[in-house]
There are 2 protein chains.
Amino acid sequence: MADIARMAGVSISTVSRALAGNPLIPKALRDHIVEIAQTHGYVVNQSARSLRLRKTDTIGVIIPLAHEAGQLISDPFFLEMVGRLADEITRRGYSVLLNKVIVNETGWLERIIQSHRADGLLLIGQSNQHEALNTVSDTYRPMVVWGARLPGQRYCAVGSDNVEGGRVAVAHLAANGRARIAFLGETDAPEAIQRFEGYKKGLAEAGLAFDPTLVVPTPYTAGEAREAMATFLATGVPFDAVFAFSDVVALAAIDALKAAGRTVPGDVAVVGFDDVVQAQHSTPPLTTVRQDLAFGARAMVDLLLRRMAGEDAPSTLAPVELIVRGSSVAS
Amino acid sequence: MADIARMAGVSISTVSRALAGNPLIPKALRDHIVEIAQTHGYVVNQSARSLRLRKTDTIGVIIPLAHEAGQLISDPFFLEMVGRLADEITRRGYSVLLNKVIVNETGWLERIIQSHRADGLLLIGQSNQHEALNTVSDTYRPMVVWGARLPGQRYCAVGSDNVEGGRVAVAHLAANGRARIAFLGETDAPEAIQRFEGYKKGLAEAGLAFDPTLVVPTPYTAGEAREAMATFLATGVPFDAVFAFSDVVALAAIDALKAAGRTVPGDVAVVGFDDVVQAQHSTPPLTTVRQDLAFGARAMVDLLLRRMAGEDAPSTLAPVELIVRGSSVAS
DNA sequence: CTGAAAGCGCTAACAC
DNA sequence: GTGTTAGCGCTTTCAG
């Protein structure tokens, strides 16, 4: 910047003002300075600017992983969410700092905040960190979390109506004559628990008894889910439908069912959750509870910017919608 | 940091050294200082650190978009690449700055570099910016580009063997008795051009004549690709196979073919390129030329780090592999 | 309207 | 071993 100043024959502060478009500097001079900066490929150093201004024009997107390793790439839901958030953030003139963190040691979030690399934080998923998030949010405002609405929640959350999603999935299966509906999923994370609640609610509304033998604890990844389904099949417990808490799990279940000689939806109807891209391309196409990620991503960024501006933006529920395809009803 | 210094009863530079693990400070004192910093939630301000050290411990991942708008989310290939790069970068202790840029105005890359927000740059795709990249690379070393190897290329590129991929796809179709093989794709970007070359090479090797009426200019997105295929069908030009330059286009083509009453692979055999996740879940499953993105991402990050260290890392070709599934051969 | 000067929070000579 | 000090490159009072 000093160089530019010398070249333009003005002081360094004039250059700073000109480059910032400060109207105190006459337009002619401003343009001249901008031009000379441009021809010399000069761009303001963001580290220095951030230090001085105490802001980075950057939003941190954090993917909290509870169980170590778990490659980011594996989950199409995360990936799609990252893409949509990146779009929204970029559109508003901010940069995206992507942050994959293993949330084992306490203080992981505080560390990210204190490093001052971002003006605001977006977490994709609350993992098992509900209390940590509550604590942090008491002192740090510019943060929005994708995840479940929980009682006593003090942080700003945007998430789908998981209970309703589970309920509507089961209602659909019951309405099509299914009576023994298995639940496939983990019940450790809040979102999973809510979908499980919706599952039980749906059963109750349909006049079906809840049968614990139909609950199949199933990990998040395709490989493990396929195994879990195979193991469940081996138990011989009779069932005619599956509600899986994610599409990845549902698609894996379909694979396992086919491998075991069961037809879908003939022998077993399957409903998933998310509506990832491959849901519509599977065989049969997957009936699923669609999460509106476009809405969710927009809402998260909107709320975050409001919080960064000092407002107190509220938590928001994103609508879900049952998408009926071939995996749950004969075509 | 001044606060921590006061609390520890030492000078500010001692704190800096202690937090950096400098062995000049006795271990006991170091631990003590680290502890007091921790309990007070103190973390080094990265803006200040970056300014002073002239490094950010951040790697910029850039998605260059030639044709405006084009949502990031739409292309599963980009998304998977971002995920894999993020994994590799994080694993090496760097942060990821995600950057979606519309490459319309010249100097876009110089601007990113000069802003000094990243210590190195990874571009996903060279778009139509071959010359711009060449120019920049003469003065800026820490940059690696995913894309085609091109004659007179002065920047470091990692990419699949596109020609070989196209060749092998066509060879496979020809070996299965197909004689009129259409090419679906744009031929503006280098990678697309190379796949098209491979297509012609494959035809030649199989003793098939190249027929320009079988070349169908097809945009990248699913919707437009479906339309392009439909339009091509309407022309009545006879064909019994399709080689599409991406899976997204291939899957869209299958949709359009089915809608027009053609069977796959009966009437028309289809081969794609990429092996995105949904390729294995389509009906029929898609035969495709698999790009080894795990390899590619690792190579890109490796090469970049070497370049950041001052070495002069060479361009690299990633192997491709034909994955035969149901869309090209009767099961 | 423009320039001089202070200082954002940190690291690393350079003393002691 | 530890403290003093000089900047890293920028923005912005405060004077003129």
Side-chain angles (χ1 to χ4, degrees), chain A residues 1-38 40-58 93 95 97 110-119, chain B residues 1-38 40-58 93 95 97 110-119:
Chain A
M1 191 176 263
D3 297 349
I4 305 296
R6 202 173 321 111
M7 291 168 175
V10 296
S11 84
I12 192 173
S13 34
T14 300
V15 174
S16 174
R17 285 192 264 254
L19 261 28
N22 189 324
L24 280 179
I25 311 289
K27 178 132 180 31
L29 178 54
R30 235 190 301 160
D31 290 349
H32 178 231
I33 292 178
V34 168
E35 160 130 16
I36 156 164
Q38 210 146 53
H40 289 264
Y42 171 80
V43 173
V44 174
N45 179 315
Q46 290 301 321
S47 296
R49 184 165 206 275
S50 298
L51 177 58
R52 177 67 233 237
L53 259 28
R54 309 159 134 278
K55 75 188 181 90
T56 58
D57 293 321
T58 297
S95 296
L97 192 66
E110 285 84 349
R111 255 191 303 282
I112 292 176
I113 294 170
Q114 287 302 324
S115 72
H116 291 287
R117 297 181 59 118
D119 298 342
Chain B
M1 191 175 265
D3 298 349
I4 305 296
R6 202 174 321 110
M7 291 170 177
V10 296
S11 85
I12 192 173
S13 38
T14 300
V15 174
S16 175
R17 285 192 263 254
L19 260 29
N22 188 323
L24 280 179
I25 312 287
K27 180 134 179 30
L29 177 54
R30 236 190 303 158
D31 290 349
H32 178 230
I33 292 177
V34 168
E35 160 129 17
I36 158 164
Q38 209 147 53
H40 289 264
Y42 170 81
V43 174
V44 174
N45 180 317
Q46 291 299 322
S47 297
R49 185 166 205 275
S50 298
L51 177 58
R52 178 66 231 240
L53 258 29
R54 310 159 133 277
K55 75 187 182 90
T56 58
D57 294 322
T58 297
S95 295
L97 192 66
E110 286 84 349
R111 256 191 303 284
I112 292 176
I113 294 169
Q114 287 302 325
S115 73
H116 290 287
R117 296 180 58 115
D119 299 341

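Residue numbers begin at 1 in each chain, while the letters A, B, ... track the order of the sequences.
- When side chains are defined from C-beta on, A/Arg52 does not count as touching A/Arg54, because their heavy atoms never get closer than 4.5 Å.
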Name every donor-acceptor pair, under 3.5 Å, that has one atom in a side chain of residues 9-16 of chain B and the other anywhere in the protein, sequence neighbours excluded.
residue	atom	partner	partner atom	Å
B/Ser11	OG	B/Ser13	N	3.3
B/Ser11	OG	B/Ser13	OG	3.0
B/Ser11	OG	B/Thr14	N	3.3
B/Ser11	OG	B/Thr14	OG1	3.3

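- For the pair B/Asn22 CG and D/dG3 C1', the computed distance is 14 Å after rounding to whole Å.
- In terms of heavy atoms, A/Ile36 sits closest to A/Ala8 at CD1-N, 4.0 Å.
- Here the CE atom belonging to B/Met7 is positioned 5.5 Å from the CG atom belonging to B/Asp3, to the nearest 0.5 angstrom.
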Report all interatomic pairs (protein N or O, nucleotide N or O of nucleotides 8-12 of chain D) with separations under 3.5 Å.
residue	atom	partner	partner atom	Å
D/dC8	O3'	B/Arg54	NH2	3.1
D/dC8	O2	B/Arg52	N	3.4
D/dG9	OP1	B/Arg54	NH2	2.1
D/dG9	N2	A/Ala48	O	3.4
D/dC10	OP1	A/Tyr42	OH	2.3
D/dC10	OP1	A/Asn45	N	3.0
D/dC10	OP2	A/Met1	N	3.3
D/dC10	OP2	A/Tyr42	OH	3.3
D/dT11	OP1	A/Arg49	NE	3.1
D/dT11	OP2	A/Ser16	OG	2.7
D/dT11	O2	A/Arg52	NH1	2.1

**Report entry** From CA spacing to verdict: side-chain contact (heavy atoms from CB on, under 4.5 Å), B/Arg49, B/Asp57
**Finding:** CA-CA 10 Å; B/Arg49 185 166 205 275; B/Asp57 294 322; 3.4 Å; yes
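- First and last contacting nucleotides of DNA chain C toward chain B (any atom under 4.0 angstrom from a heavy atom, 5' to 3' order): C/dG9 to C/dA13.
- Within the 3.5 Å criterion, the main-chain N or O of A/Ile25 finds a donor-acceptor partner in the side chain of A/Arg30.
- Counting heavy atoms from C-beta outward, A/Met1 and A/Tyr42 have side chains that approach closer than 4.5 Å.
- Taking all atoms of both residues into account, the shortest heavy-atom contact from B/Thr56 to B/Ser50 is CA-OG, 3.7 Å.
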